[in-house]
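Okay, so here's the structure we're looking at.
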Amino acid sequence: MFMSIFFELVEIRTKLASVFPYFIGLLFSLYYFGQVNWFNMCLFFIGMFVFDMATTAINNLMDYLKAKDDSYQQSTNIIGKAGLGVSKVRNMIIAMITFSSIIGLWLVVRTSLLLLPMGGLCFLIGIFYTFGPVPLSRMPLGELFSGVTMGFGIFFITLYLNIYDTGFLSLNFANGQFMLSGNIKELIVSVWASIPMMFTIANIMLANNLCDLDQDILNHRYTLPFYIGRKQGVYLFDLLMYGCYIVIILGVLVGIYHWSMLVVLLTFPIIKKNVSLFNQNQEKATTFSVAIKNLVLFNGSQMIGLLLGLLLRK
C-alpha cells in the first residue's frame, strides 16, 4: 500500500522523460565515440532516477502547500488524497536528495572535478524548479528549464561519464591556474544530438501547462501559455515536435548519424495524428497523454536508429 502511494507521489509513470535522454546518451556514446563506462552508467542511472523522483515529490508538495483551491488539495493532489503528512513527505525528499548527492560525489571522484558544477547546476535547477517563493515552474521558464536540464543535461552528463578521459571536455590545474579545454566539434555534435530530447521533454511541460491553464490561473500559477496565449502555445507545441524531424534529417546529412536514423520518419504519420488531436482540444484527461506518447514514439525510434547504426556500421 505504501509503495503504491509513494509511486504516485513521485509519479513513477512520468520517469520516461529522464530515462530516454540517459539511454540515448549511452547509445550515442557507443555509436559516435565508440566507448561506454558501464560502472559509471549504473551509478548514474540510479542517482539520476532517484533525484528525478525527488523533484517530482517536491513539485507535488509545493503544489499542495501553495494551492488556493481547497478542492485541489483534498481531491486532486496525492498528499491530500492519501492523507500523507507534510513532514513525512519532506523527510522522503531529503532522503532521496541525500542519496543521489552521494552517488553524484562518488562519480566526481571517479571522473573529474568538472562533473561537480555540471551535476550541481542540474541539481539546483531540479530543486528550485518547484521549490522556493517563486519556483521556475510557476514562471514562463518551465519549458526551457525542463527541456534543457533533462533533455540536454542528462544526455550530456551521460556522454561525459563515458568519455571524460578522451579530451572531450577537461579542466586542468597547474601553478595556481586552471584551464578549461574541449573539442569544439564534438561539443557541437553533442548539443545537436540532444535537441530532440529537449524539444519532446519541453513539450510535456507545455502540454501540461496548456491543459491546466485555467486551473493554474485560479491557483496563481502563471506559466508560459498564460503569457503567450493558448493559441500561440499550441503553435509552439507543434513547432517543437516537428522540429525534431528536421534535427534528425540534418544530422544524417552532415554525418552525425548513420542513415539508419531516418527510421524516425516512420513515426511521422502517427505523431502528426497525435498533434492534430491535441490541437483540437487541450484537456488533461483526454489529450495530455499525446505529449508523452510522442516522446516515447520519437525517442524510442531514435534508440532503434542508433542500434541499427551500430549494427550496420560494423
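- In this structure, the separation between CE on Met205 and OG1 on Thr200 is 15.0 Å, given to the nearest 0.5 Å.
- In terms of heavy-atom proximity, Ser146 sits nearest to Ile201 at O-CG2, 3.6 Å.
- Linking ILVMFWY side-chain heavy atoms closer than 4.5 Å, directly or via other members, places Leu180 and Ile157 in a single hydrophobic cluster.
- In terms of heavy atoms, Thr158 sits closest to Gly25 at CG2-C, 3.7 Å.
- Between Phe33 and Phe168, the distance separating the two ring centers is shorter than 6.0 angstrom.
- Tyr32 places no side-chain N or O within donor-acceptor distance of the main-chain N or O of Glu186, the cut-off being under 3.5 Å.
- Around atom NZ of Lys272, no more than 12 heavy atoms belonging to other residues, nucleotides or ligands sit under 6.0 Å away.
- Inspection of the Ser112 and Tyr160 side chains reveals an N or O donor paired with an N or O acceptor under 3.5 Å.
- Distance alone, capped at 3.5 Å, places no donor-acceptor pair between the Ser170 side chain and the Gly167 backbone.
- Nearest heavy atom pair, residue Ala202 against residue Leu240, reads CB-CD1, 4.3 Å.
- Proximity of Leu26 to Leu159: side-chain heavy atoms (C-beta onward) are nowhere separated by under 4.5 Å.
- Ile188 is not connected to Met261 by any chain of hydrophobic side-chain contacts under 4.5 Å among Ile, Leu, Val, Met, Phe, Trp and Tyr, and they are in different clusters.
- Contact of the Asn274 side chain with the Phe278 side chain is not registered, since no non-hydrogen atoms from C-beta on lie closer than 4.5 Å.
- Side-chain contact between Gln302 and Pro196: present, with at least one pair of heavy atoms (C-beta onward) separated by less than 4.5 Å.
- Following chains of ILVMFWY side-chain contacts shorter than 4.5 Å, one cannot reach Tyr235 starting from Leu210, and the two form parts of different hydrophobic clusters.
- Within the 4.5 Å cutoff, side-chain heavy atoms of Tyr22 are placed close to those of Met48.
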Val275 vs Val290, test: side-chain contact (heavy atoms from CB on, under 4.5 Å). Steps then yes/no. CA-CA 7 Å; Val275 169; Val290 160; 5.5 Å; no
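- Here the CE atom belonging to Met197 is positioned 12.5 Å from the OG atom belonging to Ser18, to the nearest 0.5 angstrom.
- Atoms CG and CD1, from Asn40 and Ile163 in turn, are 12.0 Å apart once rounded to the nearest 0.5 Å.
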Give the intermediate values and the outcome of side-chain contact (heavy atoms from CB on, under 4.5 Å) for residues Phe51 and Ser101. CA-CA 8 Å; Phe51 183 72; Ser101 297; over 6 Å; no
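- Under 3.5 Å, the side chains of Asn37 and Asn162 contain no donor-acceptor pair of N or O atoms.
- At least one donor-acceptor pair under 3.5 Å links the side chain of Asn299 to the backbone N or O of Leu295.
- Between Tyr242 and Phe268, the ring planes lie tilted relative to each other; the angle falls in the 30° to 60° range.
- Atom CZ of Arg230 sits about 10.5 Å away from atom CG of Asn209, to the nearest 0.5 Å.
- Under a hydrophobic clustering in which Ile, Leu, Val, Met, Phe, Trp and Tyr are joined whenever their side-chain heavy atoms come within less than 4.5 Å, directly or via other members, Leu43 and Trp38 fall into the same cluster.
- Around CD1 of Ile184, the count of heavy atoms belonging to other residues, nucleotides or ligands within 6.0 Å does not exceed 12.
- When all heavy atoms of Phe298 and Val264 are compared, the closest pair comes out as CE1-CB, 4.2 Å.
- The backbone N or O of Ile249 sits nowhere less than 3.5 Å from a side-chain atom of Tyr257 that would complete a donor-acceptor pair.
- Partner Trp192 forms a side-chain contact (heavy atoms from CB on, under 4.5 Å) with one of Leu187, Val254, Leu250, Ile248 and no other, that one being Leu250.
- Interatomic distance, Leu116 CG to Leu105 CG, rounded to the nearest 0.5 Å: 7.0 Å.
- Here Cys122 contributes atom SG and Ile127 contributes atom CD1; the two are 11.5 Å apart, rounded to the nearest 0.5 Å.
- Closest heavy-atom contact between Tyr245 and Thr267: OH-OG1, 2.7 Å.
- The environment of Gln35 atom CD is dense: over 12 non-hydrogen atoms of other residues, nucleotides or ligands sit within 6.0 angstrom.
- Of all heavy-atom pairs spanning Pro225 and Leu206, the tightest one is CG-CD1, 4.1 Å.
- With hydrogens and angles ignored, the 3.5 Å screen pairs a side-chain donor or acceptor of Thr56 with a backbone N or O of Asp52.
- No single ILVMFWY cluster, assembled from side-chain heavy atoms under 4.5 Å apart, contains both Ile103 and Val109.
- Checked against a 6.0 Å centroid threshold, the rings of Phe45 and Phe49 count as neighbours.
- Panel note: side chain Asn203, backbone Phe237; a donor-acceptor pair is recorded below 3.5 Å.
- Ring centers of Phe20 and Phe155: at least 6.0 Å apart, outside the cut-off.
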side-chain contact (heavy atoms from CB on, under 4.5 Å) evaluation trace for Phe156 with Met118: CA-CA 9 Å; Phe156 190 80; Met118 288 193 292; 3.5 Å; yes
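- Two residues are said to be in side-chain contact when any heavy atoms from C-beta on lie closer than 4.5 Å; Phe288 and Glu283 fail this criterion.
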Pair Met241, Phe199 - check side-chain contact (heavy atoms from CB on, under 4.5 Å), show working. CA-CA 7 Å; Met241 192 63 247; Phe199 283 3; over 6 Å; no
